[in-house]
K.L.:
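Pasting a structure here, questions to come.
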Amino acid sequence: MKAIIISDDVLSLKKVINNTATITDVELVKAFIDIDGVESFVIFNNIDVIFVDITSKKEEKISLVERIRNYGKTTFIVLISDSKEDSMLAYTLHAIGFLLKPIEPEVITEEIENIKKVAPYINKKIEVRTFGNFCILVNNKVIRFERKKSREILAFLIHKQGTQVDCPTLAAEILNKDQYDKKTQNSLHQNIESLRTTLKEYGIEDILCCTKGYLSVDTSRFECDLYDFLNGNKYAQNRYYGEYMYEYEWATNRIAYLDKIINFSE
């Protein structure tokens, strides 16, 4: 579980940092004294929990929380204040929790445990690798797919970066079928169901978004070298050696674009 803290109360900030650091499955990624830089940081990083101290600059921080909500990412908000009256703001902002100063260690632990109960998937680290051969890992364990085409469907959806893809397009790209007839529909459906079963076995079925006739992935639920690369992450760019999901023909067109970014940055 990755967390950040926003507080200009240094004593409270240090206390929260120390308390969260003692919980082994919480990684305190960054602490912000004010809201400068928070928004862009949340956009370009997968953050599960944000602790926001609204004791001061309340309106600015509330506005920040509302903007973060609009990104559509699954990010939990925990408000911190020295006033009980602010607890109503937690309800208004749909925050998962409210912490009243002075904050006791056991209260922090209770909040984290509550979040894990609401979203048990949050403890699963999901990593997608697209440079070279495609693979997806859960807690550093590579997922094994029963069907190759199910694996390719997931790879293609990740390639599309969260964009909804209709079934005829999937059939054309993955099954090489131009005619979306009954036989093709059944074949595609079987592969999709196999994909869903595999993801459920690993407890990450929520990364796949299915609406009537469309599929996509929830990009906020996993880390991906491609996404980090496109967001300007230097570490991800250094891991790219001109190969991108090389086993799939539909992926080859992106290589020139990635090469162009590397050449431009140099």
Side-chain angles (χ1 to χ4, degrees), residues 46 72 121 124-231 233 236-237 239-264:
N46 292 320
Y121 64 79
K124 296 184 182 295
K125 179 185 177 183
I126 308 170
E127 180 186 0
V128 174
R129 297 176 184 173
T130 64
F131 297 158
N133 198 17
F134 167 74
C135 71
I136 178 168
L137 305 90
V138 177
N139 294 336
N140 297 316
K141 182 180 179 181
V142 177
I143 289 183
R144 303 299 179 187
F145 295 86
E146 184 179 347
R147 294 172 175 238
K148 290 182 178 180
K149 290 299 181 182
S150 296
R151 177 177 179 271
E152 186 174 354
I153 287 172
L154 181 60
F156 186 75
L157 295 175
I158 289 169
H159 169 77
K160 300 300 287 186
Q161 300 171 243
T163 301
Q164 287 189 326
V165 181
D166 61 35
C167 289
T169 299
L170 283 174
E173 294 288 351
I174 310 302
L175 303 180
N176 298 316
K177 300 291 186 181
D178 294 329
Q179 295 296 322
Y180 192 58
D181 53 23
K182 190 66 175 179
K183 183 178 179 180
T184 300
Q185 291 179 43
N186 290 338
S187 178
L188 181 64
H189 177 73
Q190 289 171 6
N191 281 287
I192 292 172
E193 285 305 306
S194 178
L195 170 60
R196 295 175 71 172
T197 299
T198 298
L199 296 179
K200 189 172 183 178
E201 288 174 357
Y202 287 86
I204 61 167
E205 63 271 24
D206 60 299
I207 72 169
L208 185 65
C209 305
C210 301
T211 56
K212 191 173 182 179
Y214 292 88
L215 272 78
S216 62
V217 289
D218 182 352
T219 59
S220 70
R221 283 286 291 111
F222 54 86
E223 297 179 1
C224 178
D225 52 5
L226 170 67
Y227 301 168
D228 290 341
F229 178 103
L230 296 175
N231 285 331
N233 184 294
Q237 291 180 353
R239 291 175 60 189
Y240 174 70
Y241 295 102
E243 293 183 336
Y244 170 73
M245 292 203 273
Y246 59 77
E247 70 266 52
Y248 301 131
E249 185 177 349
W250 45 258
T252 56
N253 290 336
R254 176 160 285 173
I255 294 176
Y257 177 65
L258 298 178
D259 288 345
K260 185 177 180 180
I261 292 176
I262 288 294
N263 293 332
F264 180 78

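Predicted, not measured: the structure shown is a model, and the values here were computed from it.
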K.L.:
Between the main-chain N or O of Ser220 and the side-chain N or O of Asp218, is there a donor-acceptor pair closer than 3.5 Å?
P.N.:
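Checked: pair present.
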
K.L.:
Quick one: does any side-chain atom of Tyr227 pair with a main-chain N or O of Ile158 as donor and acceptor, under 3.5 Å?
P.N.:
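A pair under 3.5 Å: yes.
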
K.L.:
Would a line drawn from the ring center of Tyr248 to the ring center of Phe156 be shorter than 6.0 Å?
P.N.:
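That pair fails the under 6.0 Å test.
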
K.L.:
Grab the two heavy atoms, one from Cys167 and one from Leu188, that are nearest each other, plus how far apart they are.
P.N.:
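Distance-wise, the nearest heavy atoms are O-CD2, 3.4 Å.
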
K.L.:
Report the C-alpha distance between Asp225 and Tyr240 in whole Å, list the side-chain angles of each, state the deciding distance to 0.1 Å, and finish with yes or no for side-chain hydrogen bond (donor to acceptor under 3.5 Å, both in side chains).
P.N.:
CA-CA 9 Å; Asp225 52 5; Tyr240 174 70; over 6 Å; no

K.L.:
Are Glu173 and Lys160 within salt-bridge range, i.e. N to O under 4.0 Å?
P.N.:
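No, this pair does not count.
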
K.L.:
Enter the distance from Thr211:OG1 to Asp166:CG here, rounded to the nearest 0.5 Å.
P.N.:
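Spacing of OG1 (Thr211) from CG (Asp166) equals 10.0 Å.
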
K.L.:
Working note: Gln185 + Asp181, criterion side-chain contact (heavy atoms from CB on, under 4.5 Å); need CA distance, chi angles, decisive distance, verdict.
P.N.:
CA-CA 6 Å; Gln185 291 179 43; Asp181 53 23; 5.9 Å; no

K.L.:
Would you indicate whether the side-chain heavy atoms of Cys224 and Thr130 approach each other to under 4.5 Å?
P.N.:
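SC-SC contact between Thr130 and Cys224 confirmed.
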
K.L.:
Find the distance between CD (Glu152) and CE (Met245) and round it off to the nearest 0.5 Å.
P.N.:
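Between Glu152 CD and Met245 CE, I get 9.5 Å after rounding to 0.5 Å.
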
K.L.:
I'd like to check Asn133 versus Glu247 (side-chain heavy atoms, cut-off strictly below 4.5 Å). Are they in contact?
P.N.:
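Yes, their side chains come closer than 4.5 Å.
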
K.L.:
At what distance, to the nearest 0.5 angstrom, does NE2 of His189 lie from NZ of Lys182?
P.N.:
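With rounding to 0.5 Å, NE2 (His189) is 10.0 Å from NZ (Lys182).
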
K.L.:
Is there a side-chain contact between Leu230 and Leu258, using heavy atoms and a 4.5 Å cut-off?
P.N.:
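Yes - at least one pair of side-chain heavy atoms lies under 4.5 Å apart.
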
K.L.:
Kindly state whether the ring of His159 and the ring of Tyr244 have centres lying under 6.0 angstrom apart.
P.N.:
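Yes, the ring centres sit under 6.0 Å apart.
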
K.L.:
Applying salt bridge (Lys or Arg N to Asp or Glu O under 4.0 Å), name anything that partners Glu193, two or more places apart in sequence or on another chain.
P.N.:
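Salt bridge (Lys or Arg N to Asp or Glu O under 4.0 Å) check on Glu193 returns Arg196.
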
K.L.:
Yes or no on side-chain contact (heavy atoms from CB on, under 4.5 Å) for Ile192 and Ser150, after CA distance, side-chain angles and deciding distance?
P.N.:
CA-CA 6 Å; Ile192 292 172; Ser150 296; over 6 Å; no

K.L.:
Would you say Tyr214's side chain and Thr163's backbone share a donor-acceptor pair under 3.5 angstrom?
P.N.:
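Between the backbone of Thr163 and the side chain of Tyr214 there is no qualifying donor-acceptor contact (under 3.5 Å).
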
K.L.:
Supply the atom-to-atom distance Asp206 CG to Ile204 CD1, rounded to the nearest 0.5 angstrom.
P.N.:
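Asp206 CG to Ile204 CD1: 8.0 Å, rounded to 0.5 Å.
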
K.L.:
Below 4.5 Å, heavy atoms only, C-beta onward: do Ile136 and Arg151 meet side chain to side chain?
P.N.:
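Not touching, per the 4.5 Å side-chain cut-off.
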
K.L.:
Which atoms form the tightest heavy-atom contact between Gln237 and Ile262, and what is the distance?
P.N.:
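Looking at all heavy atoms of both residues, the closest pair is O-CD1, 3.7 Å.
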
K.L.:
When the aromatic ring centroids of Phe134 and Tyr246 are compared, is their separation below 6.0 Å?
P.N.:
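Ring centroids of Phe134 and Tyr246 are no less than 6.0 Å from each other.
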
K.L.:
For the CD1 atom of Ile126 and the CD atom of Glu223, what is their distance to the nearest 0.5 Å?
P.N.:
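Going from the CD1 atom of Ile126 to the CD atom of Glu223 covers 9.5 Å.
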
K.L.:
If you look at every heavy atom in Tyr180 and Ala171, which pair is closest and at what distance?
P.N.:
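Answer, listing the atom of Tyr180 first, then Ala171: CD1-CB, 3.8 Å.
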
K.L.:
More than 12 heavy atoms of other residues, nucleotides or ligands under 6.0 Å from CD of Glu146: is that the case?
P.N.:
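Counting other residues, nucleotides and ligands, CD of Glu146 stays at 12 neighbours or fewer.
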
K.L.:
Kindly determine whether Leu226 and Val128 satisfy side-chain contact (heavy atoms from CB on, under 4.5 Å), including the steps that lead there.
P.N.:
CA-CA 9 Å; Leu226 170 67; Val128 174; over 6 Å; no

K.L.:
Measure across Leu175 and Thr184 and return the closest heavy-atom pair with its distance rounded to 0.1 Å.
P.N.:
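Scanning both residues completely, I find the closest heavy atoms to be CD1-O, 4.1 Å.
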
K.L.:
Shortest non-hydrogen contact from Gly242 to Ile255?
P.N.:
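Scanning both residues completely, I find the closest heavy atoms to be O-CG2, 3.8 Å.
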
K.L.:
Say whether, by atom type as modelled, one donor and one acceptor occur between the side chain of Thr198 and the main chain of Ser194 under 3.5 angstrom.
P.N.:
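Yes, Thr198 side chain to Ser194 backbone: donor-acceptor pair under 3.5 Å.
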
K.L.:
Evaluate Leu154 against Leu199 for side-chain contact (heavy atoms from CB on, under 4.5 Å), listing each step before the verdict.
P.N.:
CA-CA 10 Å; Leu154 181 60; Leu199 296 179; 4.3 Å; yes

K.L.:
Can you tell me how far the CG atom of Leu195 sits from the CZ atom of Phe145, to the nearest 0.5 Å?
P.N.:
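Answer for the CG-CZ pair, Leu195 versus Phe145, is 6.5 Å.
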
K.L.:
Considering non-hydrogen atoms only, spot the tightest contact between Leu137 and Arg129 and give its length.
P.N.:
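Distance-wise, the nearest heavy atoms are CD1-NE, 3.6 Å.
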
